[in-house]
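Heavy-atom basis, side chains included; hydrogens, waters and symmetry copies ignored. Numbered from 1 within each chain, the chains take letters A, B, ... in sequence-line order.
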Protein chains: 2
Amino acid sequence: MKCYFDHVATNPLHPDVLEAMMPYFKEEYGNPLSLYELGGKARDAVEKAREATAKLIKAKPSTIVFTSSGAESNNFALRGLALARQANGKHIMVSKVEHHSILNSARFLEKSGFVVTYLPVDKYGIVGPEVVKSSITKETTVISIIHASSEIGTIEPLKEIVTIAKEHNILFHTDAVATTGNIPIDVNELNIDALSMSAHQFYGPKGAGALYIREGVRIVPLIYGGIQENGRRAGTENVPAIVGMGKAAEIAIRDMEKRMNHTQRLRDKVIDAFTKIPHIYLTGHPEKRLHNHASFVVEFIEGEAMLLLLAMKGIYTASGSACSSKALKSSPILLSIGTPTALAQGSIVFSLGEGNSDEEIDYLLEEFPKVVVKLREMSPFAKGWEK
Amino acid sequence: MKCYFDHVATNPLHPDVLEAMMPYFKEEYGNPLSLYELGGKARDAVEKAREATAKLIKAKPSTIVFTSSGAESNNFALRGLALARQANGKHIMVSKVEHHSILNSARFLEKSGFVVTYLPVDKYGIVGPEVVKSSITKETTVISIIHASSEIGTIEPLKEIVTIAKEHNILFHTDAVATTGNIPIDVNELNIDALSMSAHQFYGPKGAGALYIREGVRIVPLIYGGIQENGRRAGTENVPAIVGMGKAAEIAIRDMEKRMNHTQRLRDKVIDAFTKIPHIYLTGHPEKRLHNHASFVVEFIEGEAMLLLLAMKGIYTASGSACSSKALKSSPILLSIGTPTALAQGSIVFSLGEGNSDEEIDYLLEEFPKVVVKLREMSPFAKGWEK
């Protein structure tokens, strides 16, 4: 059996999405900027996708800028907003549980003279409103907090923090790569200024992302060039991928509730079973977490060893974030929630999708405990832990 | 009849390229960073594409960084090299016939305290080595000159300028978006440090570009995040598009000579015929130009009107660069080669591809002169020009 439990790394493409993309790989190959009919058809397709993508987060189409990935959207947002506002101040805030694309963009801004506060989190990975409030200075222009961490699954209670930001006239961005298309989002209800998303996180294609930017909010481009995306993001539009993103958004709106119910039920089976194994701990918040996400630290053994033994049984999963899977350092996110360094080595993340079945989960529940036992038998750290 | 003569805007995808991409839209959907087999297959596919792309410009695979477009590659190159070298100086040089992605990146650097020299060109659009030499200061760190302009077709004689750059320890980048995959390129023979390319310019997919960076040359990333592309470009790899770029590179190596001969023969028919029409002038260099490129300015009438009348006859072509087709300003490139403002309004560019036939060209040769006559009859500027 092959079981794919790594939907935070990437999702399979929905077959209807591929079908929607196909004409744009074939006869409809025009450049959306061209004035003739072939260009016009490509342009219309991009605008239709923009409408669908906007609808997914209850935004207006004109607020959507297509990019090539969630990482690009995050770089664009954090740096673009900070630069656009730099006359007002050079202090920004991000949380300690951000994705590398935010953390490393913040470090780049530090080199350009910005001051960055890395907001601490509690044991569940939640950023407290008090700490945000007390960290604000007269120079603060932008706060960026992830909507949900793909590593520990915790969904941040953004609304209270956004309220604080607004009271101080600070722009608020969220990295919603793990949530957009997976849980309901309303940018107006959240009252945020910018939001990053990625199509392949909701059964859309790789190579398509977007940034929502509230009307009237100024942003400095990341990629300069022609007049595409109203001058906010240059480069010939990746028409097939954008069309795919739009189609994936449509399907997500239609199927979201069903997908959430299905994966949450499977996830709960995983959490219930694995937290009964001695010395295994759930990471992230027990309730305020992604419906398809079960993450653990397993004492005395290493994440990579678990991955490899599971992969040999056809079970595909991850340890920490996909973007650092080859880096093999202790996860900064696990350390930020107070996980001891040794324990952080035993990280494992199961992220489920609409294609996963009860059968697959039963297989996992059978095989995973055996892997843990086997690795603990080999581990010098596990000796005598039963006491 | 439908005739696509706008290959500088974008190319149709080669059917074999699409076929190569398909498995990565279906069963091979893994994230290249994942440790299990599905990730490994995606990783292998990306590395195979890197080898093919490198081979196209006679480079080593490790020198290729995949991006999402030529525009991204240009932003990455100019800003990344300038920032990496800023301790040595803050003066860079670009030509006046660069693409907007270079010109606007240069303007962004000016706002960050860099000094930019915009190198003038002669009436063919060629940058003279003497003017490069005399513009170098102790602070000069980067020179970027386009390999060939998609607007006037002129191929720059880079080698002499690169020699001057090297004598002064200055990094040299070229925007080779219009040339890579279309004419032979050897980065070692040219002795350049960086080169931008775009897959959809040689029958590959939209959404895939690359930057060649010579071994040992430092560059600051444009998109920060995970460890993809050796930490030089973050974001989940667009595996299908990258695979498509590799396949398009393979085909380009195989078919380049045949494609060049075919389109050059057709192009010469166009140039011979249209330069015989009174008050029509070839733009760019008559010999040192892209083999598939015929560009003109037509006196007394406007480019957009020609495009629209031609489009009504099923002939798809462009006026100026695709990235500014909606901007409708006089082309800065035509002005830089000394074209009077009024004449620059009458710009039209025919760019040919392997799919174009003699029949199509004959149809164009028949229809275009009629369009010119018709528009001149309507033009107040054309009154009495026959005198």
Side-chain angles (χ1 to χ4, degrees), chain A residues 4 6 9-13 18 21 25-26 29-31 33-39 68-72 74-75 99-101 104-105 107-108 198 200 205-209 222-228 234-241 304 307-308 311 316 318 321-327, chain B residues 4 6 9-13 18 21 25-26 29-31 33-39 68-72 74-75 99-101 104-105 107-108 198 200 205-209 222-228 234-241 304 307-308 311 316 318 321-327:
Chain A
Y4 187 74
D6 196 10
T10 191
N11 282 199
L13 194 61
L18 180 56
M21 292 166 72
F25 286 125
K26 294 178 172 173
Y29 60 83
N31 184 320
L33 284 185
S34 298
L35 294 173
Y36 41 79
E37 196 194 357
L38 196 65
S68 68
S69 67
E72 185 190 327
N74 278 339
N75 277 261
H99 185 259
H100 290 97
S101 48
N104 292 337
S105 290
R107 284 182 199 122
F108 174 78
S198 168
H200 76 106
K206 295 178 179 71
L222 182 68
I223 301 180
Y224 285 93
I227 57 167
Q228 293 94 351
T236 298
E237 294 89 339
N238 187 352
V239 181
E304 200 186 350
L307 296 198
L308 295 175
Y316 296 156
S321 107
C323 299
S324 60
S325 71
K326 287 196 291 192
Chain B
Y4 187 74
D6 196 11
T10 191
N11 282 198
L13 194 62
L18 180 56
M21 292 165 71
F25 286 123
K26 294 178 173 172
Y29 60 83
N31 183 321
L33 283 186
S34 298
L35 294 173
Y36 41 79
E37 195 194 359
L38 196 65
S68 68
S69 67
E72 184 190 327
N74 278 339
N75 277 261
H99 185 260
H100 291 95
S101 49
N104 292 337
S105 290
R107 284 182 199 121
F108 174 78
S198 168
H200 77 107
K206 294 178 180 69
L222 182 68
I223 301 180
Y224 287 93
I227 57 167
Q228 293 94 351
T236 298
E237 294 89 339
N238 187 352
V239 181
E304 200 186 349
L307 295 198
L308 295 175
Y316 296 156
S321 107
C323 298
S324 60
S325 71
K326 288 196 290 190

*For the residue pair A:Asn75 and A:Ser101, confirm or rule out a side-chain donor-acceptor distance under 3.5 Å.*
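No - no donor-acceptor pair under 3.5 Å links their side chains.
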
*How far apart are the closest heavy atoms of A:Ala9 and B:Tyr36, and which atoms are they?*
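Looks like CB-OH, 4.5 Å.
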
*Grab the two heavy atoms, one from A:Gln228 and one from A:Glu237, that are nearest each other, plus how far apart they are.*
CG-OE2, 3.4 Å

Is it the backbone or the side chain of [X] that comes under 4.5 Å from a heavy atom of chain A, or both, or neither?
{"X": "B:Ile223", "result": "both"}
{"X": "B:Asn238", "result": "both"}
{"X": "B:Leu222", "result": "both"}
{"X": "B:Ser69", "result": "side chain"}

*Roughly how far apart are B:Ile227 CD1 and A:His100 NE2, rounded to 0.5 Å?*
8.5 Å

*Atom OG1 of B:Thr236 and atom CD of A:Glu72: how far apart are they, to the nearest 0.5 Å?*
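So the gap between those two atoms works out to 12.5 Å.
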
*Heavy-atom contact with chain B under 4.5 Å, split by part of A:Asn11*: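 Contact with chain B: backbone only.
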
Closest-packed option against chain B by number of heavy-atom pairs under 4.5 Å, given [options]:
{"options": "A:Leu308, A:Leu38, A:Leu307", "answer": "A:Leu38"}
{"options": "A:Ala234, A:Pro205, A:Gly209, A:Ser68", "answer": "A:Ser68"}
{"options": "A:Ala241, A:Ser198, A:Ala71", "answer": "A:Ala71"}

*asked:* Which label fits B:Tyr29 and A:Tyr4: parallel for a plane angle under 30°, tilted from 30 to 60°, or perpendicular past 60°?
replied: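 Answer is perpendicular, since the angle exceeds 60°.
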
*Give the member of B:Gly30, B:Ala311, B:Gly70, B:Ala208 that has the highest number of heavy-atom pairs under 4.5 Å with chain A.*
B:Gly30

*Heavy-atom distance under 4.5 Å between the side chains of A:Phe25 and B:Met21, does that happen here?*
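A:Phe25 reaches B:Met21 side chain to side chain.
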
